[in-house]
Number of protein chains: 2
Amino acid sequence: MSESTGLRARKKERTRDAIGDAAVSLFLERGFDRVSVNDIAAAAEISKPTLFRYFPTKEDLVLHRFADHQGEAARVVRDRRSGIKPVTALHRHFRAGLDRYDPVTGLNDHPEVVAFHRLVFTTPSLAGRLTRYQLEDEEALADALGEGIQARLRAAQVLAVQRVLARTNWQKIADGRTAHDVHPEAVADADQAFNQLQ
Amino acid sequence: MSESTGLRARKKERTRDAIGDAAVSLFLERGFDRVSVNDIAAAAEISKPTLFRYFPTKEDLVLHRFADHQGEAARVVRDRRSGIKPVTALHRHFRAGLDRYDPVTGLNDHPEVVAFHRLVFTTPSLAGRLTRYQLEDEEALADALGEGIQARLRAAQVLAVQRVLARTNWQKIADGRTAHDVHPEAVADADQAFNQLQ
DNA sequence: ATGACCGGGTTGCTTTTTTAACCGAGTAAC
DNA sequence: GTTACTCGGTTAAAAAAGCAACCCGGTCAT
């Protein structure tokens, strides 16, 4: 019947996007701590309290792009077809990400994406807060994998692997190579890493 | 000090413009009574009560472009330099309008403007409401001109002249001529009409 | 003529946003 | 060493917007 999302919800989403986009674009332009939240609010044409109603902290203005993938690993494991091993599901998921050059795999050479990753990795407070997100992600994955120390270890190892793979890809691209050029190595690395996990 | 208009005021103005523009554009496209206020609200991405908070009636969605000039004649008279006669001030003001092809003078050949005027003149409820605006305008001008029946008569005559001039100009343009082409005649007509008023 | 719409316009109630003021930590000036 | 910034983040009150439900007058079936 109606596919309308509702006026309120639509505007909220747009406001959120406007804030996030304004923030990232200013951060890329001048660096994380050379931009005040006031600047961002002004650029997004909203007030400061409104900004903080959408994003709890200044760091989250950057990290929401990661946060959108929050719990993805756990979901992949939970939603896998029966008969498929968790690691296999995660392996395939990561490979699919590589094939569509998903920014989270590090295999993306759009200048903005590269600059964005550099921003995150070179700003201490951002890197710090990012690991907190990863911890939550890890817990969720652990819960999806089962109980006890075994599941925890497994989860930590899988996510560690993904982080290493992504950073490796990003590094190669930061060195000037194209995503397309790096793709085969990225796939090979991923295959090797995930197979060793089995 | 501050040259900022304030967030609230700026957004209000933008919303108002969005509603007005959406309305006029829909009216021009389909005709006044083939567009419901719901359509307009949807196009402007606001709710119906919000629409009516900005415009008291459906007619005002069209007429706000005239309403923005509400009280202009009175203001021109009040703000005239000392030593200038009221009719002279109004005459100069109208001529200035002609020179910049202000739509209210009827001397404007932008297709949208022409269509807009046709819309107003051929839709009874709009024409009706427009005269109500003109009455208020007339009262304001009368007050600016002084007291008593004398001022009233003067005000009515001046505004009648302006209406005739504007309609004459519009008619010539509706017949296919360009504003630039009509301009000299419009100036001559205005000079003659205002001089007769003295 | 009854009941079911549709149109313009209104009414409460709730959610969202603005505003201005403030807190607490840092830091530069004098 | 105080004063006075700036910056991240919060609070309370008031304005604005959304939503759903309604009123009223038409119009069109049945």
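These numbers come from the heavy atoms of this one structure, side chains and all, not from hydrogens, waters or symmetry mates. In the text below, chain A, chain B and the rest are named by the order of the sequence lines, each starting its count at 1.
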Q) Can you check the B:D39 CG to C:dG7 P distance for me, whole Å? A) 7 Å
Q. Is the closest side-chain heavy-atom distance between B:Y54 and B:H64 below 4.5 Å?
A. no
(Q) Once you measure the plane-to-plane angle for A:F94 and A:F194, does it fall in the parallel (<30°), tilted (30-60°) or perpendicular (>60°) bin? (A) tilted
Q.
Of the listed nucleotides (C:dT19, D:dC7, C:dG8), which one gets closest to any side-chain atom of B:L7?
A. C:dT19
Q: Write down the distance between CG (A:L61) and C1' (D:dC7), rounded to a whole number of angstrom.
A: 14 Å
Q | Protein-nucleotide distance (A:N38, atom CG; D:dG8, atom P), rounded to Å | A | 7 Å
Q.
Hydrophobic cluster membership, with links at side-chain heavy-atom distances under 4.5 Å among I/L/V/M/F/W/Y: are A:F66 and A:L61 in one?
A. yes
(Q) Heavy-atom nearest nucleotide on DNA chain C for A:K12 versus B:A9: which residue maps closer to 5'? (A) A:K12
(Q) Under 4.0 Å, heavy atom to any atom of DNA chain C: which of residues 40-57 of chain B qualify? (A) B:K48, B:P49, B:F52, B:T57
Q) What parts of residues 15-32 of chain A reach DNA chain D, counting only heavy atoms under 4.0 Å away? A) none
Q) Are OP1 or OP2 of D:dG18 and a side-chain N or O of A:K11 less than 4.0 angstrom apart? A) yes
Q) Is there side-chain contact between B:E185 and B:R177, with at least one heavy-atom pair below 4.5 Å? A) yes
Q) How many Å lie between CD on B:E59 and P on C:dG7, as a whole number? A) 15 Å
Q: Report the distance from atom CZ of A:R8 to atom P of D:dG18, rounded to the nearest whole Å.
A: 8 Å
Q) With a 4.5 Å limit on heavy-atom distance, are the side chains of B:Q171 and B:R167 in contact? A) no
(Q) Name the residue from A:L98, A:V104, A:D99 that meets the side-chain contact (heavy atoms from CB on, under 4.5 Å) definition with A:D102. (A) A:V104
Q.
In whole Å, I'd like the distance from the CZ atom of B:R14 to the C1' atom of C:dT17.
A. 14 Å
Q. Taking atom C1' of D:dA15 as reference, at what distance in whole Å does atom CZ of B:R10 sit?
A. 17 Å
(Q) Taking the six-membered ring of B:F32 as reference, does the cationic atom of B:K58 (NZ for Lys, CZ for Arg) lie under 6.0 Å from its centre and within 45° of its axis? (A) yes
Q: Would you please indicate yes or no on a ring centroid separation below 6.0 angstrom for A:H180 and A:Y101?
A: no
Q: Report the distance from atom CG of B:L126 to atom P of C:dG8, rounded to the nearest whole Å.
A: 12 Å
Q) Checking B:N169 side chain against B:T105 main chain: does a donor-acceptor pair fall under 3.5 Å? A) yes
